[in-house]
Amino acid sequence: GRIDHPIPRREDGPRVPAATSFRRLGVFERYSLVEARPETGRLHQVRRHLKHISHPIVGDVNYGKGDINRLFRERFGLRRLALHAASLTLLHPFTGESLTLEAPLTDDLRGPLAEMGLCP
(Lines give C-alpha, C1' and ligand atoms only; values in the text may rest on other atoms or scores of the structure.)
Protein backbone atom coordinates (compact mmCIF):
# COMPACT_ATOMS: atom_id res chain seq x y z
CA GLY A 1 0.00 0.00 0.00
CA ARG A 2 0.87 3.65 -0.01
CA ILE A 3 0.05 6.37 2.51
CA ASP A 4 -0.09 9.86 1.06
CA HIS A 5 -0.88 12.18 3.96
CA PRO A 6 0.68 15.58 4.79
CA ILE A 7 2.56 15.88 8.07
CA PRO A 8 4.72 18.61 9.64
CA ARG A 9 8.33 18.77 8.50
CA ARG A 10 9.18 19.64 12.10
CA GLU A 11 7.30 19.91 15.39
CA ASP A 12 4.59 22.63 15.27
CA GLY A 13 5.42 23.40 11.63
CA PRO A 14 3.02 23.58 8.70
CA ARG A 15 1.86 20.32 7.13
CA VAL A 16 3.73 19.40 3.97
CA PRO A 17 3.27 16.55 1.47
CA ALA A 18 4.52 13.17 2.71
CA ALA A 19 4.25 9.65 1.29
CA THR A 20 5.25 6.21 2.57
CA SER A 21 5.00 2.91 0.70
CA PHE A 22 4.65 -0.27 2.72
CA ARG A 23 4.22 -4.01 2.35
CA ARG A 24 3.35 -6.75 4.80
CA LEU A 25 6.14 -9.27 5.40
CA GLY A 26 4.47 -11.50 7.97
CA VAL A 27 1.62 -11.91 10.44
CA PHE A 28 1.56 -12.90 14.12
CA GLU A 29 -1.92 -13.22 15.59
CA ARG A 30 -3.53 -9.86 14.76
CA TYR A 31 -0.25 -8.00 14.28
CA SER A 32 1.82 -7.52 11.12
CA LEU A 33 5.48 -7.10 10.36
CA VAL A 34 5.77 -4.48 7.63
CA GLU A 35 8.48 -2.96 5.51
CA ALA A 36 7.96 0.79 5.19
CA ARG A 37 9.75 2.95 2.65
CA PRO A 38 9.36 6.69 3.21
CA GLU A 39 9.34 8.56 -0.08
CA THR A 40 9.83 11.90 1.68
CA GLY A 41 11.76 12.77 4.83
CA ARG A 42 9.45 14.16 7.46
CA LEU A 43 9.65 14.13 11.26
CA HIS A 44 8.45 10.72 12.57
CA GLN A 45 7.00 10.04 9.12
CA VAL A 46 6.68 6.25 9.29
CA ARG A 47 5.32 6.37 12.83
CA ARG A 48 2.77 9.08 11.98
CA HIS A 49 1.68 7.45 8.74
CA LEU A 50 1.10 4.03 10.29
CA LYS A 51 -0.89 5.63 13.09
CA HIS A 52 -2.89 7.53 10.46
CA ILE A 53 -4.12 4.23 8.98
CA SER A 54 -4.81 2.83 12.49
CA HIS A 55 -1.78 0.52 12.53
CA PRO A 56 0.57 2.07 15.11
CA ILE A 57 4.03 0.63 15.69
CA VAL A 58 4.40 -1.58 18.77
CA GLY A 59 6.37 0.18 21.49
CA ASP A 60 5.63 3.68 20.20
CA VAL A 61 4.87 5.75 23.31
CA ASN A 62 3.98 8.88 21.27
CA TYR A 63 1.82 7.50 18.47
CA GLY A 64 1.06 3.96 19.64
CA LYS A 65 -1.34 2.21 22.00
CA GLY A 66 -0.34 1.74 25.64
CA ASP A 67 -2.23 -1.54 26.10
CA ILE A 68 -0.49 -3.10 23.08
CA ASN A 69 2.90 -1.80 24.21
CA ARG A 70 2.36 -3.33 27.68
CA LEU A 71 1.27 -6.64 26.17
CA PHE A 72 4.45 -6.93 24.10
CA ARG A 73 6.64 -5.83 27.03
CA GLU A 74 5.12 -8.49 29.32
CA ARG A 75 4.83 -11.29 26.77
CA PHE A 76 8.05 -10.82 24.78
CA GLY A 77 10.23 -8.46 26.83
CA LEU A 78 10.03 -5.86 24.07
CA ARG A 79 10.99 -2.62 25.81
CA ARG A 80 11.61 -0.41 22.80
CA LEU A 81 10.04 0.95 19.68
CA ALA A 82 9.70 -1.94 17.23
CA LEU A 83 11.19 0.08 14.40
CA HIS A 84 14.47 -0.66 12.64
CA ALA A 85 16.19 1.12 9.77
CA ALA A 86 17.74 -1.83 7.92
CA SER A 87 19.20 0.45 5.27
CA LEU A 88 19.41 4.11 4.35
CA THR A 89 20.40 5.45 0.96
CA LEU A 90 21.55 9.02 0.61
CA LEU A 91 23.85 11.21 -1.45
CA HIS A 92 27.33 11.82 -0.11
CA PRO A 93 27.46 15.51 0.91
CA PHE A 94 30.78 16.19 -0.88
CA THR A 95 30.99 13.77 -3.81
CA GLY A 96 27.29 13.44 -4.61
CA GLU A 97 27.71 9.66 -4.91
CA SER A 98 24.89 7.43 -3.72
CA LEU A 99 25.67 5.75 -0.40
CA THR A 100 23.77 2.87 1.13
CA LEU A 101 24.24 2.25 4.83
CA GLU A 102 23.03 -1.04 6.30
CA ALA A 103 22.46 -2.06 9.92
CA PRO A 104 21.80 -5.57 11.21
CA LEU A 105 18.76 -6.22 13.37
CA THR A 106 19.65 -5.80 17.05
CA ASP A 107 19.14 -8.63 19.56
CA ASP A 108 16.53 -6.69 21.58
CA LEU A 109 14.27 -6.72 18.50
CA ARG A 110 15.45 -9.98 16.91
CA GLY A 111 14.53 -11.99 20.04
CA PRO A 112 10.88 -10.91 20.25
CA LEU A 113 10.45 -11.26 16.47
CA ALA A 114 11.93 -14.76 16.59
CA GLU A 115 9.51 -15.74 19.38
CA MET A 116 6.67 -14.61 17.10
CA GLY A 117 8.08 -16.57 14.16
CA LEU A 118 8.74 -13.34 12.22
CA CYS A 119 12.54 -13.15 12.27
CA PRO A 120 14.32 -13.97 9.01
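Side chains included, hydrogens not; waters and symmetry mates left out as well; all remaining heavy atoms used.
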task = Report, as yes or no, whether the 6.0 Å neighbourhood of atom CZ on Arg2 holds more than 12 heavy atoms from other residues, nucleotides or ligands.
result = yes
inquiry  = For Ala85 versus Ala103, what's the shortest heavy-atom pair and its separation?
reply    = O-CB, 3.8 Å
task = Name the orientation class of the two ring planes belonging to Phe28 and Tyr31 (parallel below 30°, tilted from 30 to 60°, perpendicular beyond 60°).
result = parallel
inquiry  = Between Val46 and Tyr63, is there shared hydrophobic-cluster membership here, with clusters defined by ILVMFWY side-chain heavy atoms closer than 4.5 Å?
reply    = no
ask   = When rounded to the nearest 0.5 angstrom, what is the spacing between CG in Leu81 and CD1 in Ile57?
value = 5.5 Å
ask   = At their closest point, which heavy atom of Pro8 faces which heavy atom of Gly13, and how far apart are they?
value = CB-O, 3.7 Å
inquiry  = Once rounded to the nearest 0.5 Å, what's the spacing between atom CZ of Arg80 and atom CZ of Phe72?
reply    = 13.5 Å
message = Please tell me whether Leu78 and Leu83 are part of a single hydrophobic cluster in this structure, the criterion being side-chain heavy atoms less than 4.5 Å apart.
response = no
message = Nearest 0.5 Å, please: how far is CD in Glu102 from OG in Ser87?
response = 6.0 Å
request  = Using the side chain to side chain contact (heavy atoms under 4.5 Å, CB included) rule, take His5 and Arg15 through it: C-alpha gap first, then chi angles, then the decisive distance, then the call.
outcome  = CA-CA 9 Å; His5 178 72; Arg15 291 185 174 271; 4.1 Å; yes
query = Shortest non-hydrogen contact from Pro56 to Gly64?
reply = CB-CA, 3.6 Å
request  = Could you check Val58 against Lys65 for side chain to side chain contact (heavy atoms under 4.5 Å, CB included), going step by step and ending with a plain yes or no?
outcome  = CA-CA 8 Å; Val58 171; Lys65 301 241 181 231; over 6 Å; no
ask   = Do Thr100 and Thr89 meet the criterion of a side-chain donor-acceptor pair at a distance under 3.5 Å?
value = yes
query = With sequence neighbours excluded, what pairs up with Glu11 under the side chain to side chain contact (heavy atoms under 4.5 Å, CB included) test?
reply = Leu43, Arg48
query = Passes side chain to side chain contact (heavy atoms under 4.5 Å, CB included), Thr20 versus Glu39? Steps please.
reply = CA-CA 5 Å; Thr20 302; Glu39 297 170 19; over 6 Å; no
ask   = Do you reckon Leu71 sits in the same ILVMFWY cluster as Met116, going by side-chain contacts under 4.5 Å, direct or chained?
value = yes
task = State the CZ-NE2 distance between Arg24 and His55, to the nearest 0.5 angstrom.
result = 9.5 Å
inquiry  = Between Arg42 and Pro17 (side chain of the first, backbone of the second, donor and acceptor by atom type, cut-off under 3.5 Å), is there such a pair?
reply    = yes
Passing option when Ser32 is tested against Leu25, Val27, Leu118 for side-chain contact (heavy atoms from CB on, under 4.5 Å) = Val27
key: Inter-residue atom distance Ile68.CD1 - Asp60.CG, 0.5 Å rounding   = 11.0 Å
message = Please evaluate residues Gln45 and Ile7 with respect to the criterion side chain to side chain contact (heavy atoms under 4.5 Å, CB included), reporting the C-alpha separation (whole Å), side-chain torsions for both, the decisive distance (0.1 Å), and the verdict.
response = CA-CA 7 Å; Gln45 179 173 319; Ile7 58 177; 3.8 Å; yes
query = Are Phe76 and Leu109 connected in the hydrophobic side-chain network, where two residues link if heavy atoms are under 4.5 Å apart?
reply = yes
inquiry  = For a quick test of reading the model, state the closest non-hydrogen atom pair linking Ala18 to Thr40 and the distance between them.
reply    = CA-OG1, 3.2 Å
message = Please report the interatomic distance CZ(Phe22) to CD1(Ile53), rounded to the nearest 0.5 Å.
response = 4.0 Å
ask   = Going through the distances and angles, do Glu29 and Arg75 end up as a salt bridge (charged side-chain N to carboxylate O under 4.0 Å, His left out)?
value = CA-CA 13 Å; Glu29 296 177 359; Arg75 192 166 168 193; 2.7 Å; yes
request  = Return yes if some donor-acceptor pair links the side-chain N/O of His92 with the main-chain N/O of Thr95 below 3.5 Å, else return no.
outcome  = yes
